[in-house]
Structure formats: structure tokens, C-alpha cells
Protein chains: 2
Amino acid sequence: MKPPQPLSLDRYDQRILELIQQEGRISNQELAERIGLSPSPCLRRLRALEESGLILGYRALVDARQLGYRLMALVHISMDRHTPERFANFERQVAALPQVQECLMITGQEVDYQLKIRVEDMDGYQQLLLQHITPIEGVSGVHSNFVLRPVFENRGVPVAP
Amino acid sequence: MKPPQPLSLDRYDQRILELIQQEGRISNQELAERIGLSPSPCLRRLRALEESGLILGYRALVDARQLGYRLMALVHISMDRHTPERFANFERQVAALPQVQECLMITGQEVDYQLKIRVEDMDGYQQLLLQHITPIEGVSGVHSNFVLRPVFENRGVPVAP
DNA sequence: ACGTCAGATGGCATAATCTGCCAACCCTGA
DNA sequence: TCAGGGTTGGCAGATTATGCCATCTGACGT
């Protein structure tokens with residue numbers, strides 16, 4: 001897990017990164033086959049990529065809709081006073097809400113954060129907002145956009161030399 | 001891959017979903033151990049979850065920063081004429097750009113889509129915008145917010161019923 | 001041109017894991 | 001109490017992962 005890395009990826013490493021971003025559970029044998037290397041060096045490279053911190057981890061993608069989360073919204077938050085304590089507190093509180101899938105601090109004259117949230121329906125949205133987000137100290141404005149259709153999500157990072 | 005599912009998840013299934021969202025490459029043996037079941041039924045359940053479509057797939061998380069993508073932006077797009085053809089064409093063109101990590105059709109008086117993009121720097125941003133996004137037919141307005149800090153991303157979907 | 005050497009590869013043996021099968025078990029309802 | 005469906009646990013064979021070592025490749029200096 002060493003963040004600083006000279007970062008010299010040859011074709012093999014690039015192919016590995018591309019493939020495991022698409023098929024995170026591919027076996028080392030098939031991976032090796034697809035990149036045109038034998039299993040031994042392939043596994044060594046994969047492990048090296050993991051150790052280097054370039055591969056942060058593996059996730060299963062779960063269909064939120066099937067779990068009952070039928071509503072996705074982008075919530076823009078503005079804070080009244082821009083002190084580090086306020087920000088830290090906000091981030092901590094928001095991280096404790098499982099419905100908040102993502103939290104980005106962004107630029108914008110009227111906005112400080114964008115949250116991506118998943119809730120069952122409008123009721124859940126209202127509850128989350130009024131009971132858990134608006135009450136956080138320093139939150140002065142909230143504006144939401146609802147997601148009509150996720151055209152695509154969770155795309156892999158492009159890996160080109 | 002059958003989207004329609006009565007969806008009755010007991011504690012075991014819930015634990016499986018939680019764990020593989022955190023450790024997508026966990027071995028079946030360890031998974032079984034952690035949920036308190038022997039490997040056989042654990043693997044059967046996992047396969048059933050995959051077959052049911054609840055598990056959409058597995059991904060490796062790659063550190064975009066280490067790959068040189070130091071700038072992340074949220075780009076809001078407005079379209080001039082809201083015809084299905086325009087939308088379909090826009091989505092197709094945008095899907096062909098590897099820097100576009102996410103594309104959501106959203107509500108908003110002035111906005112139709114939000115894109116999440118990753119580029120190396122401001123130069124890359126400018127190029128992407130001027131050469132590939134603005135020219136798409138129907139795009140009438142573009143407004144961007146830059147991500148100052150990704151507080152957190154890629155969280156698992158909560159599975160609680 | 002030649003030899004040296006570090007780094008990477010491929011193959012092999014062993015260990016670990018996956019996978020399919022079957023008997024045993026636990027509910028539930030009659 | 002007695003079926004019967006559904007689920008579990010264990011086992012054997014197949015597949016995969018892992019560590020080790022000899023070999024190969026390419027860069028460098030002589």
C-alpha cells in the first residue's frame with residue numbers, strides 16, 4: 001500500500017487493469033490466458049498492482065433497484081460558515097447515513113457538497129432530508145435533482161499509457 | 001438473470017451481500033466462515049444471488065489519481081430540443097468517451113444530464129468539452145462544477161430489510 | 001562483440017479452493 | 001405422528017492458487 005509509485009505500466013499491466021475492472025472475480029488462469037502470459041507472472045503482476053495501491057479493492061455490484069431503492073437523487077448542500085470544523089462535522093454525519101452513496105466537495109458559488117443518495121421512495125427522501133441532513137449544523141441550503149434514468153454508472157477508469 | 005424476483009433474503013443472504021460489496025474477491029470459504037455457514041450452502045446462495053440478477057457483477061476499484069486523472073468534474077448538460085432521438089444520440093456519443101465515468105438523466109429546469117468526468121488536468125477538461133461534448137447535436141448548455149475532494153465514493157448499497 | 005547481471009518468465013509440485021453429489025436434518029402442514 | 005419440500009453439511013474429484021527454481025531476455029559495461 002505505497003501511494004508513491006513511479007508508475008510504469010507495460011501492456012500486460014494495462015490489460016490486467018482493464019480486465020479486472022470489468023470482471024473483478026476473474027480467475028488468475030483466465031486472466032493470464034487473456035493477456036497472453038502464463039499464470040505465474042500474471043499473478044505476480046496482479047499482486048504487485050494490489051500492493052502498490054493502484055488497485056484499491058474489489059466490489060460486488062448490487063442492483064439497488066431490486067433491493068427496493070427505487071429513487072436516486074443528487075442533493076446539493078450549501079454551508080453557512082466555511083470553517084474546517086463545520087466541514088469535518090458535516091462529512092462525519094453524512095458518512096454515517098447508509099443511504100448516502102457518495103459525497104463530493106465541489107466548486108460552486110451556492111454549493112459546497114453534492115451527495116448522491118438512494119432511498120425507497122419520496123417518503124424516504126423526505127425523511128432522510130428533514131430528519132438527517134437539514135439538521136446538521138452549518139447546513140444552510142439544500143437543493144435536489146432526481147435521477148430520471150441512470151444511463152450508465154460505475155464505469156472503469158480508462159487505462160491508456 | 002431474471003429481474004423479477006419475489007426477493008426474500010434471509011440473514012445469510014444479507015450478510016453475503018454486505019460482505020461481497022466490501023470484499024468482492026473474498027473466497028467462498030472465508031465468506032462461509034464469516035456468515036456462519038459451511039462452504040456448500042454458502043456457494044449455492046452466492047450463485048443464486050448472481051443468477052437472480054441481484055448481483056450485477058464484480059469490479060476492481062482502480063485509483064484514478066495514480067493513473068494520472070487528477071481532475072474530476074460534474075458536467076451539467078442542457079438540450080435544446082427534447083426528442084427521443086436527440087437523447088439517444090447524446091447518450092450514445094457520451095458513452096463512447098472513456099473519460100465520462102457516469103451519465104445520469106436528471107430533473108431540473110435548466111439541466112437534462114449530469115456527467116461525471118475524469119481527466120488529467122484543465123487542458124484535458126477543455127479538450128473533452130470543446131472537442132467532444134459541446135459539438136454533440138442538441139447540446140445547448142454546459143455548466144461544470146469541479147470536485148475539490150471526493151469525501152467518499154463507491155459505497156455499497158445498504159441491505160437491511 | 002562478448003560477458004555480466006538484474007529482472008522477468010514458464011513450469012512444476014504442493015496447498016488451497018471450488019464444485020457437484022448425496023445423505024441427513026429441519027420445518028411445515030396434514 | 002407422519003410425510004414432503006427445502007436446506008444443510010460432508011465428501012471426492014476437478015480446478016485454481018501459490019511458492020520455488022531454472023531459464024530466458026535485454027541493458028550495460030568492458
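These numbers come from the heavy atoms of this one structure, side chains and all, not from hydrogens, waters or symmetry mates. Here is how names work: the chains are called A, B, and so on, in the same order as the sequence lines, proteins then strands, and each is numbered from 1.
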Charged N to carboxylate O under 4.0 angstrom, A/Glu85 versus A/Arg92?
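No salt bridge links A/Glu85 with A/Arg92.
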Charged N-O contact under 4.0 Å between B/Glu91 and A/Arg149:
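Yes, this pair counts.
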Quick check with a 6.0 Å cut-off and a 45 degree axis cone: is B/Arg155 positioned over the face of B/Phe152's six-membered ring?
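So B/Arg155 does make the cation-pi contact.
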Can a cation-pi geometry be assigned to A/Arg25 and B/Tyr58, taking NZ or CZ under 6.0 Å from the six-membered ring centre and within 45° of the ring axis?
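Positive - A/Arg25 is close enough to the ring of B/Tyr58 and near enough to its axis.
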In whole angstroms, how far is the [atom2] atom of [N] from the [atom1] atom of [X]?
{"X": "B/Leu46", "N": "C/dC18", "atom1": "CG", "atom2": "C1'", "answer": "12 Å"}
{"X": "B/Asp10", "N": "C/dC27", "atom1": "CG", "atom2": "P", "answer": "14 Å"}
{"X": "B/Gln29", "N": "C/dT17", "atom1": "CD", "atom2": "P", "answer": "5 Å"}
{"X": "B/Ile26", "N": "C/dT17", "atom1": "CD1", "atom2": "P", "answer": "11 Å"}
{"X": "A/Asn28", "N": "D/dG19", "atom1": "CG", "atom2": "C1'", "answer": "13 Å"}
{"X": "A/Leu49", "N": "C/dA8", "atom1": "CG", "atom2": "C1'", "answer": "15 Å"}
{"X": "A/Arg47", "N": "D/dT18", "atom1": "CZ", "atom2": "C1'", "answer": "9 Å"}
{"X": "A/Arg25", "N": "C/dC18", "atom1": "CZ", "atom2": "C1'", "answer": "11 Å"}

Stretch residues 31-39 of chain A: residues that reach within less than 4.0 Å of DNA chain D through a heavy atom
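Result for residues 31-39 of chain A: none.
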Nearest-nucleotide pick for [X], side chain only, options being [options]:
{"X": "B/Leu43", "options": "C/dG11, D/dT16, C/dC18", "result": "C/dC18"}
{"X": "A/Arg45", "options": "D/dT16, D/dG9, C/dA8", "result": "C/dA8"}
{"X": "B/Tyr12", "options": "D/dT8, C/dT9, D/dA17", "result": "D/dT8"}

Which residues, ordered by chain and number, are linked to B/Val147 in its hydrophobic cluster, where ILVMFWY side chains connect at heavy-atom gaps below 4.5 Å, directly or through other members?
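B/Val147 clusters with A/Leu104, A/Ile106, A/Val111, B/Met72, B/Leu74.
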Nearest heavy-atom neighbours spanning B/Cys42 and B/Ile16:
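So the two residues come closest at O-CD1, 4.1 Å.
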Measure from the side-chain N and O atoms of B/Arg59 to the backbone N and O of A/Asn154, and report whether any donor-acceptor pair falls under 3.5 Å.
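Yes, because the side chain of B/Arg59 sits within donor-acceptor range (under 3.5 Å) of the backbone of A/Asn154.
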Say whether B/Tyr125 and B/Ser144, considering side chains only, have a donor N or O and an acceptor N or O under 3.5 Å apart.
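Yes, a side-chain donor-acceptor pair sits under 3.5 Å.
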Heavy atoms under 4.0 Å is the rule here; annotate nucleotides 21-27 of chain D 5' to 3' with B where the base is hit, S where only the sugar-phosphate is, and - elsewhere.
-------
Once you apply a heavy-atom cut-off of 4.0 Å, does A/Ser40 come out as touching a base, just sugar-phosphate, or nothing?
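Base, at least one base atom sits under 4.0 Å.
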Can A/Arg44 and A/Glu51 be said to form a salt bridge (Lys or Arg N to Asp or Glu O under 4.0 Å), step by step?
CA-CA 10 Å; A/Arg44 266 194 302 268; A/Glu51 295 300 317; over 6 Å; no
